[in-house]
Each structure stands twice: as C-alpha cells, then as structure tokens.
Amino acid sequence: MSRFTSPVGEGLISVDRWTDSSQAYFLTHLHSDHTQGLSAHWSRGPLFCSPITARFLLSKFKGFDASLIRDLEVGSTHTFSLISPLNGGDVEVRVTPIDANHCPGSVMYLFQGELGCVLYTGDFRWELTSERAKLSKSTLLDALNGEKVDILYLDNTYCNPCFSFPSRKDAAQQVVDIIQKHPHHEVVIGIDSLGKEHLLLHISESLKTKIWVWPERLEILDLLGLDEIFTTDTSQTRIRAVPRYSITQNNLESLNTMYPTIAIMPTGLPWSQNSPEKGAYTVRYTAHSSYSELEEFMKIIRPSIVIVMKGSHGFKVRKKEGKGKVLASVRRSRVNIVRKERRGVKIEECDEICTSDFEVQIGSDWSS
DNA sequence: GCGATCAGCT
DNA sequence: CACAGCTGATCGC
C-alpha cells in the first residue's frame, strides 16, 4: 500500500486531474466535475481523450490549443512513451480507451506496461443487456488477455445493494408511457448539459415529435449530428428538455398557472420521489452502474486493490479523523478498498509494482 | 475588469 | 442527501 501511494519523483499520468504536473493527461468525459482546473488556457501537456470528447472540449473551451489534444480511437490499444523520473529512461505505456456507456464520448482507460496494470473506469454503466456494453466487455477482456488488474479506480456512485435500476431502454419507455398518459399536457424533462441523449431520442422516435432544448444545449447536440430532432422553437412541440436545476416545485406550479404541465426527472438519486398528484414524475434512468452491475463487473476484474472515486451513499464510508482524509470500509465485501481523495488521480512511477503489497482479498460477495 | 477558487444550494 | 451542475462572493492580477 505505502509503496504505491508514496510519490516517487514527478507524476507520469493524471486522469481527470488538472492541477499538478504530469507527463500525460487523460480525460474520461466532459462532465464538469471531471474538468475542474481545465480551461481554454490549458498548456501543461498533452491531453488524451476520445474523439467525441475532443470535439466537446474544443466547443466548451473556445481557443483551446488543439495541438495538445491526442484523440484516441475507442476500443483500440495505443502505445506511448514517458520518461522515467527514476532513471531517465523510456517508460512504455499501452492505453486502451473503452466505451464507458455513461455519456457521449465517455471512456474508461486501461493502462498496461511497466507501470503495472491499472484500470480507471471514470463514470460508467456496466449495462450488459445492451450491445454497447457487451462490446465494452469483450474489448476489455481482449486487452487484458488474462492479465491481472493491479489497481482498479472505480466509479462506485451506486455501489450499495439498495440500488437496482431498469435498463435505460426500459426506463426510456416508462417516460414515453407517462407522456402518453398526458396527451394534453406540456412536458418538461430535467437534463444536464451532456447526457441522456438516448432517452430524448427514444421519446422523439416513439412520439414522432421534436423536442425543445435551450440554445446552448442545441449546440452540443449539433456536435453529435442530432440537430434534426431538436428545436429551440417552443411552438413546434409540447415536450421540452430543460436544465435539471430549473425543475422545482415552485416552477412547476408557476407553469401550471399558464398551461397544464407535468415534470419528469430521469435520475437514480433515491431522494427524488415520484409525486404524480403534483405532476412530478421520477424515472430511474441513470448513467451509472447499479449494484448488481458493479458486482458483475467486479467478478470479471478481480483487482488486487480498489480505489473508489465517490462513496457518500455507496459503500459505507467512514470519516477518519484529521486532514479530511476519508477511508472506505466495506461491510459486505472483503475487497481491499481505499477512497481516493477529491477528484481524478495522479499515477506515479514506483520502483516496482509489487502486487504482494496489495493482498488479494476478493470476498465471497463478489465471487459467488 | 477578468479569471480562478470556493461556499452554498439543488 | 447531490448524478452534475448553478449562482454569487471573494481574491489576486
């Protein structure tokens, strides 16, 4: 444990982390909690991401130096070289970006080479009933080719047995059903600046209608070639996708003084409650893995060590005194878990990756 | 005045 | 509570 976490020399690789010095920077997707510290003036070094994320990045940060972007074909293995701060020699690294099925452009990164075998999931949904996730699984297993994952950085947002979600396809149909039961209502659907495009597409196709979005959102949809089904003209549709934070009880009541309106919240968050009598519907549509999906994932990966990236309502997280450090303790599993502090990760070079430092403790909960 | 960071909120 | 944000205050340039 201590050998990995104690920094030796300069950092080599940073993932979703932009505040300290590394030789290569990786971005999993363009949600804002993964880009804190990134700006149009980025100059620290090469930034690796998927081609779609590169497109979003240049749109979000106008004036970004495009020569720093290394867009990597998803599903392929790429090789690059870093300089060892220990001996000045080359450190060869293989990286495989794998579709994370979280939002457009989102990827996980599998790093292999002298650094060891490190899998960084970023935010991901391991929804194996979908063809896309099945493809991600085979890409991952092919790239691993039997190699053991030394360190897994895991999105554990919903890693608690109380979270079970329908497939996004089924959840999308639930939204369509709600809309069809209100044929004379206006409909507002809460979304963020990126994500849930497949939900909106499903609604548009099922109901043969365009969907209103705000102008900045249409720019993002244009980058995906989806401009045909969206509009910024309210007269063309009764269905509007609006910023999630704009859907409040007060706003819904105000809308209803003008026209009968229902609100639909696609979310996995447990405190968003369904209140049909108030015209407020919650549908469990989420871009994060459910507990059982995480279980499926862990059965395949069986890493030596897991570092979880979230954790407030996932694993039972226990605050440890001093320095704001947080360690996770897991009651239902004996997997060795450490919670990463703050955002992203900096991967340092070690004298060697010594897997015996990370005793394998895969518990029966993962393996049964 | 501008950009970066943070507190507070949903 | 906070998926992934938004707004507003403050600080340094």
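Each chain gets a letter, A, B and so on, in the order the sequences are listed, and its residues count up from 1. Quick note: numbers below take in every heavy atom, side chains included, and nothing from hydrogens, waters or symmetry partners. These numbers come from a predicted model, not from an experiment.
Between His31(A) and His29(A), the ring-plane angle classifies as perpendicular under the 30° and 60° cut-offs. Ring geometry for His182(A) versus His185(A): interplanar angle over 60°, hence perpendicular rather than tilted (30 to 60°).
For Ser193(A) and dG5(C), the shortest distance from a side-chain N or O to OP1 or OP2 is below 4.0 Å. Residue His34(A) has no polar side-chain atom (N or O) positioned under 4.0 Å from OP1 or OP2 of dG5(C).
We find that CZ of Arg217(A) is positioned 11 Å from P of dC6(C), with the value rounded to whole Å. Rounded to a whole Å, the CG atom of Asp33(A) is 11 Å from the C1' atom of dA2(C). Going from atom CG of Leu194(A) over to atom C1' of dG5(C) covers 12 Å, rounded to whole Å. Separating the CH2 atom of Trp271(A) from the P atom of dC1(C) is a distance of 8 Å, rounded to the nearest angstrom. Distance Gln273(A) CD to dA2(C) C1': 15 Å, rounded to the nearest Å. Counting to the nearest Å, the P atom of dT10(B) and the CE atom of Met265(A) are 13 Å from each other. One can place CD1 of Ile191(A) at 11 Å from P of dG5(C), the figure rounded to the nearest angstrom. Rounded to a whole Å, the CZ atom of Phe163(A) is 15 Å from the P atom of dC1(C).
When each of dA4(B), dC6(C), dG5(C) is scored by its nearest atom to the side-chain atoms of Asp192(A), the top-ranked nucleotide is dG5(C). Listed nucleotides: dG5(C), dC6(C), dA4(B). Nearest to the side chain of His31(A): dG5(C). Taking every side-chain heavy atom of Ser39(A) into account, dA4(B) is the closest of dA4(B), dA2(C), dA4(C). Distances were taken from every side-chain heavy atom of His41(A) (C-beta onward) to each of dA4(B), dA4(C), dA2(C); the shortest belongs to dA4(B).
Exactly one residue among Trp18(A), Tyr120(A), Tyr153(A), Phe111(A) makes a ring pair (Phe, Tyr, Trp, His ring centres under 6.0 Å) with Phe26(A). That residue is Phe111(A).
No hydrogens or angles considered: a donor-acceptor pair under 3.5 Å links the side chains of Ser235(A) and Asp233(A).
Linking Ile, Leu, Val, Met, Phe, Trp and Tyr residues whenever their side-chain heavy atoms come within less than 4.5 Å leaves Val283(A) and Tyr158(A) in two separate clusters.
In this structure, Thr286(A) reaches neither bases nor backbone, as no heavy-atom distance under 4.0 Å exists between it and the strands shown.
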